[in-house]
Structures are given as structure tokens and as C-alpha cells.
There are 2 protein chains.
Amino acid sequence: MKTKDENTEDHILNAAENVFQRKGMDGARMQEIADEAGINKAMLHYYYRSKRFLFEAVFTKAFSLIAPEINRVLNEDTGLFQKIENFTHSYITFMQKHPYLPNFVIQELNRDAGFIKVLQAKEGFPDFRKFQAQVEKEVQDGTIKPIKAEQLFINLLSLNIFPFLAAPLIKGFLKIDDSEYKQLMEERKEEITGILINYLKIK
Amino acid sequence: MKTKDENTEDHILNAAENVFQRKGMDGARMQEIADEAGINKAMLHYYYRSKRFLFEAVFTKAFSLIAPEINRVLNEDTGLFQKIENFTHSYITFMQKHPYLPNFVIQELNRDAGFIKVLQAKEGFPDFRKFQAQVEKEVQDGTIKPIKAEQLFINLLSLNIFPFLAAPLIKGFLKIDDSEYKQLMEERKEEITGILINYLKIK
DNA sequence: GTCTATAGCCAGATAGAC
DNA sequence: GTCTATCTGGCTATAGAC
């Protein structure tokens, strides 16, 4: 078999990512995906059979891009402070590459919560237990304040992800434009690391 | 004119809230709203003329419920620590009453960012300036660490709102059920207040 | 004001030529 | 594999009786 640089199937998937991530399952149109891919509507069905299946391919791939980001926090072989800093610093870079992705995943999971079970069954789904053990150990050792691993994890995700999800809302409240907002996000690398490490540190 | 306890127009709006907030603009169906209201599809158009107008009525009302919550942080006449505690403690209660609301607002603003301008023009849109002045004053007085009001505001919203937006995702990562998650949210009242006050306090 | 019936359109999906 | 043409169903919106 010959493998072209980028075959039709991949073209379709890329186009579908663009459209689904911006418009969501319900707002997306097969015609728009076909246009984006520069081919015909019938081809979408030839390769993916239905809108539903195409959507699921996009969703699964989206999640497979997020999973390594989460795994970096959960399973990397470094200290807690280092993990917090690594995750926070790399997250903005990730968002610049995939601006619609977290919102897409969260939105579609709210629309169809049962889908998380499909993801959990797949290879590479993040495993929380190692992180939990690490936090418990550091608390035991007295290197950090007593805190639940779950809460720390939620705090880390909240502080990093929310400002991107709610960007239009926050820009509206603060009455600032895109470039000022981008500047704020840049500052948050230090801001978030500072807050969390300050909270964990024993004075 | 006689005012019935709940007239048809309100019935429709309530039903529309249910459906739009769960399904979004694109996923919602006029038929489902009519069923929910226990009346006929034609009535929706009689009272609200189009799906678009009905949606906007729902969206505007949704925002008018959130605005006072934000205003409490921005304009209440209390100290910063008190504001943080008040907002955090009341937010969970608010979410229990309106579980789909913040996700709905954020999602639809991402779909159509221009809509924020309509909201900004309305009465009661939160004004950030008083909060900003307060933070700057407390920094000046040396009662809190130097911090930008914008970042503090973003932190407060992130820590409170995100865990509800991303509930299905976080439940999936932590492999916990609804009641365990609810318990975590309850603990967060103290967790969030602690983090932020700890970060602001001068030791 | 409230209903039934239906117009008119648009989207997902398929048939079939090449 | 790729296209054009078309089917079929569902959705918003309206016409018109009561």
C-alpha cells in the first residue's frame, strides 16, 4: 500500500476537527466540513459512514491530545512543586496550538456524560492514583501542608483551564481586548505557580 | 388587566430555559420546548416570534441571574477577605438552584462572542472599577500582598466556577460518583477561601 | 389566544455513473 | 475513490379555522 503525505481520510478528519471544535456536534454541518476539506459531502459518508461516527473520531482524538497533558501532572517522575510549574508553563503553549479543544471536550461531555466511560476504557486514560500517593506521602513526610490530592488537582486544573473557557466573559467584565487578555494569561504562569506553591509550602 | 399566577408567556420562558440551558441554541428543539410547556409549537412563535428571539430572552434572563452574584464580589461594601468568603460560600447554593446556568452562558458566549456587547449595554452589568480600586488601596495600605485586581478576580471565578463546568470530566479522572463529588464541592467552600486568603495575607 | 395542518427549507444520507 | 443528483426526514415558521 502506498501512503500519501496526507490522504483523504486525514484531510477529512482535520477539517472535521476545525468545524466540530468550533461549532460543536449540533452546530456543525457536514457541508461545511466537506468545503473545509475541499471535497464532496458524499466522501464524508464513504469514509466515516455518519456524522455521529465522524464526530466520535474527532472527539476521541481531541481527548488523546489532552490526556498526555494531564498525565504529565499525574505521572511524571518529579516533585510536586516541579509538576505544578511544568503543567502551568506548558498549558498556555498547548492552548495556543489548540484554542478550541478544552472547551469542546468539556462542552460535549456535558451534553453526553456517558461518553466519559468510552474514554476511560481506552489506552492512555489518565490514572489519578500515583499522584494521590505522591501527595499523601509528601503530607506524611511533612514537606507540604495537609491537603487532599483531589482538591489540589481540581485547583490546578481550575486556575489553568477556566480563564480560557471563559475568555469572552472575563474580557467583557474587565472591558479589555484580546491583546491585553493575552498579556494577563502570560502573567498567569507565575501567578498560578505562586498561589499553589504558596498554599502547599510550610512556612 | 388581570395577572394570572403564571401566564402562558412565563410558562414558555420557563420551559425554554430548561431546554436551552441543557441543549444549547443549536441542540434545542422548539417541539421539545412546547412539550415541556404543555402547549403547542405555534404558541412559541405567537409569543416570541422566532427561535432566535426566544433564545435571546432566555440568555438575557440567565445573565441577569448571574450578574448579582458577580456584583456581590465587585461592589459589596465589605473587606476583601469577607467578599471572597461571601462569594465562595454562596456560589454552591446558587449552583444547586441553577446547575446548567454558567455552562450555558459561557458556551453560548464562545459560540457568539459579539453577544457580550448586548449584555454590557444593559442595566446591572457588573462594573469592575470599584473592586479594582479597593484592591489597589489595600495593596497601598499594606494590608494585602501586591497583586493585580484582574488576577485575583480571575482566580476567584476559576476556583469557584470551573469545578461545576468540568464536573463530568473531573468525575471521570478521579473515578468518583455524584455524591462523592458533591462532598468535594462542599469541602471547597473552605478550600477556596483558604487558598486565596492565604495568598493575600502578609505573614 | 389557542389549536391543526402544512408550507418551505435544509440537513444527513444514499444511489449510481464514472 | 470520487463525483452529481436525489431521497427522506425533521425542523422552523406560518396560514387559517375556531
Side-chain angles (χ1 to χ4, degrees), chain A residues 1-62 100 104 107-108 111-112 114-115 118, chain B residues 1-62 104 107-108 111-112 114-115:
Chain A
M1 68 196 101
K2 55 183 163 190
T3 50
K4 261 193 286 181
D5 210 23
E6 200 182 332
N7 59 24
T8 306
E9 193 167 340
D10 290 341
H11 253 111
I12 291 173
L13 194 61
N14 287 335
E17 280 173 45
N18 271 324
V19 178
F20 275 127
Q21 289 180 23
R22 278 184 293 112
K23 307 281 182 80
M25 170 65 185
D26 295 325
R29 293 292 164 257
M30 295 297 267
Q31 185 60 58
E32 190 178 352
I33 296 171
D35 293 348
E36 184 98 7
I39 48 124
N40 191 281
K41 241 194 333 173
M43 296 299 287
L44 305 181
H45 290 91
Y46 179 79
Y47 282 99
Y48 290 92
R49 209 166 100 225
S50 74
K51 184 182 181 184
R52 179 85 214 156
F53 285 126
L54 180 54
F55 171 80
E56 287 181 9
V58 169
F59 189 83
T60 303
K61 188 179 167 193
Y100 297 103
F104 171 67
Q107 180 56 25
E108 297 301 329
R111 222 180 38 84
D112 179 6
F115 212 75
V118 181
Chain B
M1 73 196 99
K2 57 184 165 192
T3 51
K4 260 193 288 181
D5 212 22
E6 201 181 335
N7 59 22
T8 306
E9 194 167 339
D10 290 342
H11 253 111
I12 292 174
L13 194 61
N14 287 336
E17 279 173 46
N18 272 324
V19 177
F20 275 126
Q21 290 180 20
R22 277 184 293 110
K23 305 283 180 79
M25 170 66 187
D26 295 326
R29 294 291 164 255
M30 294 297 267
Q31 185 61 59
E32 191 178 352
I33 295 171
D35 293 348
E36 185 96 8
I39 47 121
N40 190 279
K41 244 200 321 178
M43 296 300 286
L44 305 182
H45 290 92
Y46 178 79
Y47 281 99
Y48 290 91
R49 210 166 99 226
S50 74
K51 183 182 181 183
R52 180 83 213 157
F53 285 127
L54 180 52
F55 170 80
E56 287 181 10
V58 169
F59 189 83
T60 302
K61 187 179 168 193
F104 170 67
Q107 179 55 26
E108 299 300 329
R111 221 179 40 84
D112 180 6
F115 212 75

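Every chain is numbered from 1 and lettered A, B, ... according to where its sequence line falls, protein lines coming before strand lines.
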Exercise. So, do Arg29(A) and Lys23(A) sit near enough that their side-chain heavy atoms are less than 4.5 Å apart?
Worked result: no
Exercise. Tyr48(B) has an atom OH; how far is it from atom P of dT14(D), in whole Å?
Worked result: 17 Å
Problem set entry | Side chains of Glu108(A) and Asp112(A) in contact at under 4.5 Å (non-hydrogen atoms) | no
Exercise. How close or far is atom C1' of dG12(C) from atom CZ of Phe20(A), stated in whole angstroms?
Worked result: 11 Å
Exercise. Roughly how many Å is it from CD1 in Ile33(B) to P in dA13(D), rounded to a whole number?
Worked result: 11 Å
For this session: Mind calculating the distance between NZ (Lys51(B)) and P (dT12(D)) to the nearest angstrom?
Result: 5 Å
Exercise. Of the residues in residues 40-47 of chain B, which ones touch DNA chain C at a heavy-atom distance under 4.0 Å?
Worked result: Asn40(B), Ala42(B), Met43(B), Tyr46(B), Tyr47(B)
Exercise. Between atom CD in Gln31(B) and atom P in dA13(D), what is the gap in whole Å?
Worked result: 14 Å
For this session: Find the distance Glu9(B):CD to dT2(C):C1' and express it as a whole number of Å.
Result: 15 Å
Seminar exercise, completed: In whole angstroms, the gap separating P of dC9(C) from CE of Met30(B) amounts to 18 Å
For this session: Using a 4.0 Å heavy-atom cut-off across all strands, classify Ala34(A) as base, sugar-phosphate, or nothing.
Result: nothing
Exercise. Can you tell me how far CZ of Phe20(A) sits from CG of Leu13(A), rounded to the nearest 0.5 angstrom?
Worked result: 10.0 Å
Report all side-chain donor-acceptor pairs from residues 48-59 of chain A shorter than 3.5 Å, counting only partners two or more places apart or in another chain.
{"residue": "Tyr48(A)", "atom": "OH", "partner": "Glu9(A)", "partner atom": "O", "Å": "3.3"}
{"residue": "Ser50(A)", "atom": "OG", "partner": "Arg52(A)", "partner atom": "N", "Å": "3.4"}
{"residue": "Ser50(A)", "atom": "OG", "partner": "Phe53(A)", "partner atom": "N", "Å": "3.2"}
{"residue": "Lys51(A)", "atom": "NZ", "partner": "Met25(A)", "partner atom": "O", "Å": "3.0"}
{"residue": "Lys51(A)", "atom": "NZ", "partner": "Ala28(A)", "partner atom": "O", "Å": "3.0"}
{"residue": "Arg52(A)", "atom": "NE", "partner": "Glu56(A)", "partner atom": "OE2", "Å": "2.9"}
{"residue": "Arg52(A)", "atom": "NH2", "partner": "Glu56(A)", "partner atom": "OE2", "Å": "3.3"}

For this session: Apply side-chain contact (heavy atoms from CB on, under 4.5 Å) to Ile39(A) and Leu44(A), showing your working.
Result: CA-CA 9 Å; Ile39(A) 48 124; Leu44(A) 305 181; 4.1 Å; yes
Problem set entry | Residue pair Met43(B) / Thr8(B), side-chain heavy-atom distance below 4.5 Å | yes
For this session: Would you mind reading off the distance between Glu32(A) atom CD and dC10(C) atom C1', rounded to a whole angstrom?
Result: 14 Å
Exercise. Under 4.0 Å between a side-chain N or O of Thr8(B) and OP1 or OP2 of dT2(C)?
Worked result: yes
